[in-house]
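Some notes on the structure that comes next.
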Amino acid sequence: MSVVLDQADVLPVLAPLVAGKAPADTRVVVAMSGGVDSSATAAWLHALGYDVIGITLQLYDHGQAVGRKGACCAGQDIHDARDVAAGLGIPHYVLDYESRFRDQVMDDFADAYLRGETPIPCVRCNQTVKFRDLLATARELGADVLATGHYARREEGAAGPELRRAADDGRDQSYFLFTTTRDQLDLLRFPLGGLPDKAATRALAQRFGLRVADKPDSQDICFVPDGDYARVIEKLRPGAAEPGDIVDMEGNVLGRHKGIIHYTIGQRRGLGIGGRTGGEDDALYVIRLDADRRRVIVGPRAALGVGAITLREVNWLGDAPLGARPVPVMVKVRSTHRPVAVTLAATEDGGARLVFDQPEPGVSPGQAAVFYDGDRVLGGGWIAATGG
RNA sequence: UGGGGCGUAGCCAAGCGGUAAGGCAACGGGUUUUGAUCCCGUCAUUCCCUGGUUCGAAUCCAGGCGCCCCAG
């Protein structure tokens, strides 16, 4: 059961989780989802001699998600996490967070769509359930730090801990961590962030004999089966999908839609209206959603560009405070895509005003704008409105 | 029923006697720990119908049917 380490079998180097504290004296709570990443994290830290406690959050669908691939935090995944912990011989707890997950993440998810916004449940989950509630629980368990399997880096900087992109650029998850506060960052650790790639993680899992080593990556929204998120919303908010008109930018009715919750800004597929000539590309994209009138406003790709956005609940992680004077930063308005150049200025309500150097397509309220300076995450904010 | 025009996939649309372009939509897949975008693939044995001419017709001819415009 216990892992025997050959001398030749050297573990990847990991800086001490707590400076000046020996691993054996460092209590680490590892958030174990049941996937490869967090399992490898737990195994690695355990092998390095840390006092590891595994915690798995049960988030939704009690007993009903068993066997579903690519999920996390329910059913089979909880069993996987338990198995891994048992194999390592570390304490492991499963916490029932279903009601708070529903309140903080799923309800918000549904309501955002009803408002015509497009939410990011993964960020909400990190922001509330994981980095607030679970972190508090870790503290209660006497943990020095909370480690997760996120691909991001936390580095000790001159002005305190800094959040940075993962070493593996293609795997980086820092976008989903933008709400993480300095205080939370004090206690958070992301051991995988420094690994060169996912293969290294799987290799780690393999070498510790974890059964989850070949488990497929999770993707899509964890509580949405089959990618049909609208069905989940309708379950949460019966009657949410009210049909309405699809109109062009002049207000001419072009067709009908099956409910505003099925669409997001920048979306092309699923409109069901074809035809018309004249442009080199006649495809229509969702330009705007009007929740009150249940309208989907569509237009050509050229109409998709947004020049500026208003942010709310900005979490600023830069060393110097963000002021009212615009400063240039790089920003991502979606997890994929490269950062683009903008200027950013704080507003009085804790928000910010962001102006793109070049119009950015497919920007939707409810999504996040995350600020970068090279590898470093300077914070981010929720997109409240676009325009200007 | 005077004149003119048009009928090609769900929509738009090339083709003008040589064996059905393209775009949109749709569908399937890839990329992706949010939604999208994007990329790749599939999608008319058949051109309103019926005859005819021709080695060969969506393309020419005749007759139907349907639609549009102008003039009434």
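All chains are named by letter (A, B, ...) in the order of the sequence lines, taking the proteins before the strands, and each is independently numbered beginning at 1.
Atom CG in A:Asp282 sits roughly 13 Å away from atom P in B:A14 (whole-Å rounding). What separates CG of A:Asp111 from P of B:G35 is a distance of 19 Å, to the nearest Å. One interatomic measurement links the two molecules: CG of A:Asp172 to P of B:U32, which rounds to 14 Å at whole-angstrom precision. As a whole-Å value, the separation of A:Trp382 CH2 from B:U34 P is 13 Å. Rounded to whole angstrom, the span from the NE2 atom of A:His337 across to the P atom of B:A36 amounts to 14 Å. In this structure, A:Asp226 places its CG atom 13 Å from P of B:G28, rounding to the nearest Å. Atom CG in A:Leu304 sits roughly 18 Å away from atom P in B:G35 (whole-Å rounding). Straight-line distance from the CZ atom of A:Phe178 to the P atom of B:U34: 15 Å, rounded to whole Å.
Comparing B:U54 with B:C49, their P atoms sit 22 Å apart, to the nearest whole Å. B:C47 and B:U8: their P atoms are spaced 12 Å apart (whole Å). Rounded to whole Å, the separation between the C1' atoms of B:G7 and B:C48 comes to 6 Å. Between B:G17 and B:A58, the two C1' atoms lie 10 Å apart (nearest whole Å). When the C1' atom is used for both B:U50 and B:C11, the distance is 28 Å, rounded to whole Å. Straight-line distance between the P atoms of B:C24 and B:G64: roughly 41 Å, to the nearest whole Å. Spacing between B:U59 and B:G18 at atom C1', rounded to whole Å, works out to 11 Å. The separation of B:A9 from B:A20, taken at their C1' atoms, amounts to 11 Å, rounded to a whole angstrom.
The stretch residues 225-254 of chain A participates, sequence neighbours left out, in these ring pair (Phe, Tyr, Trp, His ring centres under 6.0 Å) pairs: A:Tyr113-A:Tyr229. Every pair passing side chain to side chain donor-acceptor pair (under 3.5 Å) that includes a residue from residues 258-267 of chain A is listed here, sequence neighbours excluded: A:Thr118-A:Thr264.
Residues forming a side chain to side chain donor-acceptor pair (under 3.5 Å) with A:Glu360 (at least two apart in sequence, or on another chain): A:Arg334. Applying the side chain to side chain donor-acceptor pair (under 3.5 Å) rule to A:Glu155 yields the partners A:Arg164; only residues at least two apart in sequence or on another chain are considered. For A:Asp373, there are no salt bridge (Lys or Arg N to Asp or Glu O under 4.0 Å) partners two or more places apart in sequence or in a different chain. The ring pair (Phe, Tyr, Trp, His ring centres under 6.0 Å) test applied to A:Trp44 returns no partner, not counting sequence neighbours. The ring pair (Phe, Tyr, Trp, His ring centres under 6.0 Å) search around A:Tyr50 returns none, not counting sequence neighbours.
In this structure, A:Tyr229 reaches the sugar-phosphate backbone alone: every heavy-atom distance under 4.0 Å involves primed, P, OP1 or OP2 atoms, never a base. The residue A:Phe176 sits close to a base: some heavy atom pair falls under 4.0 Å.
One finds a side-chain N or O of A:Arg268 lying less than 4.0 angstrom from the OP1 or OP2 phosphate oxygen of B:A25. Between A:Tyr113 and B:A36 there is no side-chain N or O to OP1 or OP2 distance below 4.0 Å. The side chain of A:Arg269 places no N or O atom within less than 4.0 Å of a non-bridging phosphate oxygen (OP1 or OP2) of B:C24.
Base pairing analysis places B:U19 opposite nothing; no Watson-Crick or G-U wobble pair with both distances below 3.5 Å involves it. In this structure B:C67 sits in a base pair with B:G5, meeting the Watson-Crick or G-U test at under 3.5 Å. Base pairing of B:A62: its partner is B:U50, meeting the Watson-Crick or G-U wobble criterion (both donor-acceptor distances under 3.5 Å). Across all strands shown, B:C27 forms a Watson-Crick or G-U wobble pair with B:G41, both key distances being under 3.5 Å.
The stretch residues 119-129 of chain A touches RNA chain B through A:Pro119, A:Ile120, A:Pro121, A:Cys122, each having a heavy atom within less than 4.0 Å of the strand.
Taking the ring axis of A:Trp316 as reference, the NZ or CZ atom of A:Arg182 does not stay both within 45° of it and closer than 6.0 Å to the ring centre. Taking the centre and axis of the six-membered ring of A:Tyr285, the NZ or CZ atom of A:Arg301 falls inside the cone set by 45° and 6.0 Å.
The two atoms that bring A:Glu117 and A:Gly366 nearest to each other are OE1-CA, 3.7 Å, heavy atoms only.
Both A:Gly272 and A:Arg171 lie near RNA chain B, and the one whose nearest nucleotide falls closer to the 5' end is A:Gly272. Along RNA chain B, the nucleotide closest to A:Gly266 and the one closest to A:Gly270 are compared, and the more 5′ of them pairs with A:Gly270.
No donor-acceptor contact under 3.5 Å links the side chain of A:Thr118 to the base of B:G35. Taking only distance into account, the side chain of A:Gln367 meets the base of B:U34 through a donor-acceptor pair shorter than 3.5 Å. The base of B:A36 sits within donor-acceptor range of the side chain of A:Thr336, with an N or O pair under 3.5 Å.
Minimum atom distance to the side chain of A:Tyr285 is reached by B:U37, of the listed B:G23, B:U37, B:U32.
In this structure, A:Phe223 and A:Tyr60 have perpendicular ring planes: the angle between them is above 60°, well past the 30° mark.
Using a cutoff of 4.0 Å between basic side-chain nitrogens and carboxylate oxygens, A:Arg100 and A:Asp133 are scored as salt-bridged.
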Below 3.5 Å is the cut-off: list the nitrogen or oxygen pairs between protein and nucleotides 7-11 of chain B, distance only.
{"residue": "B:C11", "atom": "O2", "partner": "A:Gly275", "partner atom": "N", "Å": "3.3"}

